[in-house]
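Chain letters run A, B, ... following the sequence lines, proteins first and then strands; every chain starts at 1. Note: hydrogens, waters and symmetry copies are ignored here, and every other heavy atom, side chains too, is used.
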Protein chains: 2
Amino acid sequence: MATKGQRGERRAGALSKERIVEAAIEILDAEGGGALTFRALTARLETGSGAIYWHVANKDELLAAATGEIIDRAMAEAVGGAEPREAIRTIALGIFDAIDAHPWVGAQLPREPWQAAMMRIFEGIGGRLQALGVPERARFDCASALVNYILGVAGQNAANARVFAGEVDRTAYLTAIAERWAQHDPAQFPFVRQVAAQLGEHDDREQFLAGIDLILAGIAAVSRPDDK
Amino acid sequence: MATKGQRGERRAGALSKERIVEAAIEILDAEGGGALTFRALTARLETGSGAIYWHVANKDELLAAATGEIIDRAMAEAVGGAEPREAIRTIALGIFDAIDAHPWVGAQLPREPWQAAMMRIFEGIGGRLQALGVPERARFDCASALVNYILGVAGQNAANARVFAGEVDRTAYLTAIAERWAQHDPAQFPFVRQVAAQLGEHDDREQFLAGIDLILAGIAAVSRPDDK
DNA sequence: ACCTGAACACCGTTCAAGT
DNA sequence: ACCTGAACACCGTTCAAGT
């Protein structure tokens, strides 16, 4: 939440890691992943680069902190003591939406194997698998499958945002994708061409959730004790 | 000098996109993702930077071409007219092994949504789903789930290679991971701590395949007509 | 057509110096 | 302790000039 004590005074406030991370998130959100430089940061915070390095070790740590902040918020909203299967879907959707709102997170998340952000997701999902009744031996594999799937979608979404940075319109975006797909040789890419026709009625979020459900169905099939 | 007509002469041969890509792959393999610079390339190829720009538009295109080359090789080895389920596993494993051998590909692949490399994987998997008997409506979602999972693992493996660049030993590598996991607060991360104990008997490749099988099981459950 | 390599604009990071 | 900002080493890319 907000800083304790005096609030509101932003300009005169002392520099802190939180203020730096907050400024970094603002820059990343407004201008995209490539726009975060120490020069842009010093301009926005009205300091020198050395001041930032006093609070933050380097750019990687700054990026990790910014990513952690976004994921933390998303996970906090997805707490709900709901039924475990639904809880997993909620967590996954929360992360999807967070990355949709902050595409640069999608590029950063896969780069943080054991950073706090990744572990929070892993923990959140793994805990629900336990509640779901997945046998202990299979839990690691199942959590890993779900997390890796989420990370893959995250990376793709970030790449899409990078490529189609201009298009704000959703249909224009889908049209652009369909055009790219149509560019491929039909003889060599029959499936791609065939699927391109379905792009009109396609919804990224729904497809993401369909993938989660697919994996959950697989988990259910595998962890059913009467199975084989 | 007098090697004009000779085909196989490599050193004296003229510059070409293929030779540049080949040199880029050698640098990336030998020194990692961060080591590919135009200066390193010019040194290895004994030219000026302008010569490289004559054959290649920019660094992104070079990286995409290098990634495409590795994926093409992996896909070519995974052709086999086997049973579709087995073919999908073979393709997935082929990509896993390619990324294991060239970790920088794992970082690059998620950045190429509609580049040739990505589409080849998507096509290869989608085609087998058709052969598997997955109904047309579900095929897009199923292919997307498998591909996104593969991309997620790719990104994680690349990140691991970056973080543990020093450790060659497999047990040292696993020990290092277990240490990272143990650093987290046990009260806040019970699942992570619990799973850390399983890390000793853990095999990345097997876990990757377990995830593929999980998704395939989900696909089977969803596309069974008598279901529901 | 193809290649050379100096030059440009920009970057992350450091550090002596200030308060 | 915290901040300043010039300086350093390095980067991708361009381009006038060569062959």
Side-chain angles (χ1 to χ4, degrees), chain A residues 3 5-6 9-25 27-28 30-67 104 107-108 111-112 162-163 165, chain B residues 1-7 9-25 27-28 30-67 104 107-108 111-112 162-163 165:
Chain A
T3 49
Q6 67 279 45
E9 204 72 30
R10 61 193 68 164
R11 171 64 55 90
L15 214 48
S16 67
K17 185 167 175 180
E18 284 117 54
R19 275 195 65 211
I20 295 170
V21 169
E22 177 197 328
I25 290 175
I27 292 173
L28 288 163
E31 300 174 61
L36 182 65
T37 66
F38 277 83
R39 274 154 243 257
L41 259 181
T42 55
R44 178 176 279 259
L45 292 168
E46 291 170 341
T47 29
S49 56
I52 294 171
Y53 277 96
W54 180 261
H55 296 277
V56 153
N58 52 40
K59 195 177 181 180
D60 275 351
E61 190 194 299
L62 178 55
L63 244 9
T67 304
W104 52 273
Q108 204 53 35
R111 313 189 76 220
E112 326 210 338
R162 214 181 302 121
V163 176
Chain B
M1 296 304 143
T3 56
K4 286 287 215 163
Q6 285 304 76
R7 262 287 157 110
E9 211 69 34
R10 62 193 65 166
R11 171 60 57 90
L15 214 48
S16 67
K17 184 166 176 182
E18 284 115 56
R19 274 196 65 210
I20 294 170
V21 169
E22 178 197 329
I25 290 175
I27 292 172
L28 288 163
E31 299 173 62
L36 182 64
T37 66
F38 277 83
R39 273 153 243 259
L41 259 181
T42 56
R44 178 176 280 257
L45 292 168
E46 290 170 343
T47 29
S49 56
I52 293 171
Y53 278 96
W54 180 261
H55 296 278
V56 153
N58 51 41
K59 195 176 179 180
D60 275 350
E61 190 194 297
L62 178 56
L63 243 11
T67 303
W104 51 273
Q108 204 53 37
R111 312 189 78 221
E112 328 210 339
R162 214 182 302 122
V163 175

If you check every side-chain atom of [X], which of [options] has the closest atom?
X       : options               : answer
B:Ser49 : D:dG5, D:dC11, D:dT13 : D:dT13
B:Thr47 : C:dC3, C:dA6, D:dA7   : C:dC3
B:Ala51 : D:dC3, D:dT14, C:dC3  : C:dC3

In whole Å, what is the span from the [atom1] atom of [X] to the [atom2] atom of [N]?
X       : N      : atom1 : atom2 : value
A:Ile27 : C:dG12 : CD1   : C1'   : 15 Å
B:Arg39 : D:dG12 : CZ    : C1'   : 7 Å
A:Tyr53 : C:dG12 : OH    : C1'   : 4 Å
B:Lys59 : D:dC10 : NZ    : C1'   : 11 Å
A:Leu41 : C:dC10 : CG    : C1'   : 16 Å
B:Phe38 : C:dG5  : CZ    : P     : 17 Å
A:Glu61 : C:dT13 : CD    : P     : 11 Å

Phosphate OP1/OP2 of C:dC2 contacted by B:Trp54 side-chain N/O (<4.0 Å)
yes
Please confirm whether the shortest side-chain N or O distance from B:His55 to OP1 or OP2 of C:dA1 is below 4.0 Å.
no
Is C:dA6 paired to anything, Watson-Crick or G-U wobble with both distances less than 3.5 Å, and if yes, which nucleotide?
D:dT14
Using a heavy-atom cut-off of 4.0 Å across all strands, would you classify B:Thr42 as base, sugar-phosphate, or nothing?
nothing
Using a heavy-atom cut-off of under 4.0 Å over every strand shown, decide if B:Leu62 touches base, sugar-phosphate, or nothing.
nothing
